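The structure under discussion appears below in the form of structure tokens.
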Amino acid sequence: MPELFMRMMKEEWRMHSTIFGHVSFALFPFMIFGISFMGSFLLPHLRQALPVGDMALATHVMFLVLGAMVGGFGLMGNEMMNRRFGQASLLAYSARSLPLSGKFIFANFVVKDTVYYFFLWVLPFGAGYIAAAPFTGAPFSSALLLLFTLALAFMAGLCTVFLLSSVYVRSRAVCGVMVIAGGFLLLASFLSTGPTLALLFPPYMLYSGFSWGMLLLSCAILAAMFALSILLFSPDETGTTRVHGDLYRPLVKRGTFLQQSPLVAKDLIDLYRSGIGIGQALFSFAIPLVVIWFFLSLAGSFLPPHGLILLFAMISGVIGSTMYTWVTEFDSFGPYACLPVSVSTLIQSKITTCALLQVLPASFIAITAVLSGNSADLIPAVALCVSFSFYASGVMAYLCGLSPSVLVYDVKVLFTYLVFDGAVFAIFSAVSLAHPLYAISSVLLFFPGWLFVKAAMRRWDAVDPAGL
Amino acid sequence: MSVVLEVSGLSKVYGDVTALDRVSLSVEEGSLFGLLGPNGSGKTTMIKVLTGQIRPTGGSAMVLGLDSEHEGLRIRERVGIIPEQESPPSFLTSMEYLEFVGAVRKIPDIRERADEWFDYLEFGDKKNVLCKDLSRGTRQKLMFAQAFIHEPALALIDEPLINFDPIMQDLVKDYLKDYVKSGKTIFLSTHILEVAEEICSSFAVLHRGRLLHSGPVADLAEKGVHLSGFFLSLVRKGGHA
């Protein structure tokens, strides 16, 4: 066990450091530390607008979502490795070549992901808060406890995804029922009792009132979920060759009005058949946005009547722009290198696919506006969401080319992305809060967004493509 | 015979590794040219530079009269390429992949051509199977088909036979021989010397990025020397250089 675990740790480190350099990647936890440390000094100001408990709950849920995203990424690792490095594989997928059982390897994989990402994300964040405690007046014991409970929240997200994936491999129907039932329960609870259910999230309960009983309960729930996901784990069956109907030709025909319809059609099929489209729509879009809406609504009383929906629209736009990572997830330039396709053509096609997918955030924000009684602000909200999304996608394409999901760990890239998006976010927050109709001016963002896309095409054409 | 590929002082350096070191060679139209070399000798890098996938560090390469450094896209329009490692996209079926290639290359009768290839390489039963579910051999057949489906004037193929069984290897070798008879050119990169000796009209030997030899295969036969023996002695000498 220790040997396989250590090798998996090394493998994970090498995978990341190979992609964007040892130093750059090694700096990532320091950046998280810095953000957390500096952010701690803002807490006294934030407390005037938001109760302490709400902030703590938001942080815990943020780490729950992070755990879920890391888990999902881990499970797709092999496919991504193959796309990035050609014929490559991970130890997690070596049950057929090693004299070790699939369950044993999976157990190591789960532990490795937990430990590795604890050091990458959770520890630096918690350490930043602890380091700032003497200056901010936060009790040291409370800061230490936060680190521990955030780790629990992170693990809760991780093992939820592992459990769902184990169930998914055995029965898609059961997994679907679990997800729908869970979502329905959460929604029903929220509609009837407000945020009460979220307050029962064990890591948060442990933080807000430490007790040994709650500690035991939190650990027991996690242990049960880990154990269950490992017990239920069964490797993908190989050798089955399902036959599929031709989706490609009809899609290309329907998209002839698009400049890159042959490439866009391929992207859409990739999203559909890989399951990434549905998985990402759920875990990287709908769930985070529902969580964000919940926490944003806590601040509703501090905002003008239209403020909540318009701020939410901007955040939805930024999250919607991450669809650019969905469509680039499986593609390096490699598979296209034998065809008359340039990197710039690929970027253009990915942006086009991403633009088509904006139907999802646009519809989402429109429905939210109607359901939350903000129908009057529907048009400004949709304009904000779509404009932000296009702008942020353009920034992402410029900074990361075809590798946004890996370059996000490059400190320089992430910092620049946050500055570009943050500045625009600040400007349009002020504009939108002043008057809802002013938010329509966000369509101006299409122009810099378009410039970023053009610059991305020039920039990434000028370097040897990654993945070759 | 006109020259379809001319390489002059070509170099490619990755960090502190010199993958190609001032290589010069030329390939005539209608020939089956073999680029031979041990693993890691720079053969794959050479194909990537020739097809404009990566830029050279020094020197130049003209392919079908086009400069590979600045006109890579136009070169890839006109040539066929079998990359060494790449697989077809996971979530397209075999037929969809060839349709995709046809759409990108603007081949109007792509389905008819694809069906011909499914028949010729005997994998018609896999045309509606996702590429990720195909065996390595079948993926190689698909990559072979995509490289030749538009009947390019020049095909640059990297270890095209490596995943094929002996029967399929024979079929493919016959295809390549017929292809050059029709006046087209093939640039074959391989370390399988028997194949090169059997089908190539001329060859070059690359070792540690340096060109050790270039010339017609027939010259060796005239001297009663086998390609494998010649290659091994050359590489061993080159290795000690």
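Please read these numbers as outputs of a predicted model, since none were measured by experiment.
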Problem set entry | Close side-chain approach of Cys338(A) to Gln53(B), heavy-atom, < 4.5 Å | no
Exercise. Taking atom NZ of Lys177(B) as the centre, does the number of heavy atoms from other residues, nucleotides or ligands within less than 6.0 Å exceed 12?
Worked result: yes
For this session: Compare every heavy atom of Ala337(A) with every heavy atom of Ile81(B), then report the nearest pair and how far apart it is.
Result: CD1-O, 3.9 Å
Exercise. Hey, are the side chains of Leu263(A) and Phe100(B) touching, using non-hydrogen atoms and a 4.5 Å cut-off?
Worked result: yes
Exercise. Within the side chain of Arg76(B), is there an N or O that forms a donor-acceptor pair under 3.5 Å with the backbone of Val341(A)?
Worked result: yes
Exercise. Which value, rounded to the nearest 0.5 Å, describes the distance between Leu339(A) atom CG and Glu77(B) atom CD?
Worked result: 11.0 Å
For this session: To the nearest 0.5 angstrom, please state how far the OG1 atom of Thr345(A) sits from the CG atom of Leu73(B).
Result: 6.0 Å
Exercise. Which of the residues Gln146(B), Arg74(B), Arg78(B) is involved in the greatest number of heavy-atom pairs with chain A at under 4.5 angstrom?
Worked result: Gln146(B)
Problem set entry | Under 4.5 Å from any heavy atom of chain B - which part of Val463(A) | backbone
Problem set entry | Non-hydrogen side-chain atoms of Val104(B) and Pro340(A) separated by less than 4.5 Å | yes
Exercise. Are Asp246(A) and Lys127(B) close enough for a salt bridge, meaning some N to O gap below 4.0 Å?
Worked result: no
Exercise. Is Glu96(B) paired with Arg273(A) through a side-chain N to carboxylate O contact shorter than 4.0 Å?
Worked result: yes
For this session: Identify, with sequence neighbours excluded, every residue that meets ring-ring contact (aromatic ring centres under 6.0 Å, His included) alongside Phe123(B).
Result: Phe118(B)
For this session: Measure the spacing between CD1 of Ile269(A) and CZ of Phe91(B) and express it to the nearest 0.5 Å.
Result: 12.0 Å
Exercise. Relative to chain A, which segment of Arg111(B) carries a heavy atom at a distance below 4.5 Å: side chain, backbone, both, or neither?
Worked result: side chain
For this session: Side-chain contact test, heavy atoms from C-beta onward, threshold under 4.5 Å: evaluate it for His244(A) versus Thr93(B) and give yes or no.
Result: yes
Expected list for residues 248-259 of chain A: side-chain donor-acceptor pairs under 3.5 angstrom, two or more places apart:
unit_1    : atom_1 : unit_2    : atom_2 : d
Tyr248(A) : OH     : Pro262(A) : O      : 2.8
Thr256(A) : OG1    : Lys253(A) : O      : 3.1
Gln259(A) : OE1    : Gln348(A) : NE2    : 2.7

For this session: Give a yes or no on this: more than 12 heavy atoms of other residues, nucleotides or ligands lie within 6.0 Å of atom OH of Tyr14(B).
Result: yes
Problem set entry | Lys173(B) NZ: over 12 foreign heavy atoms closer than 6.0 Å | yes
Exercise. Given a strict heavy-atom distance threshold of 4.5 Å, which part of Asp461(A) is in contact with chain B: side chain, backbone, both, or neither?
Worked result: backbone
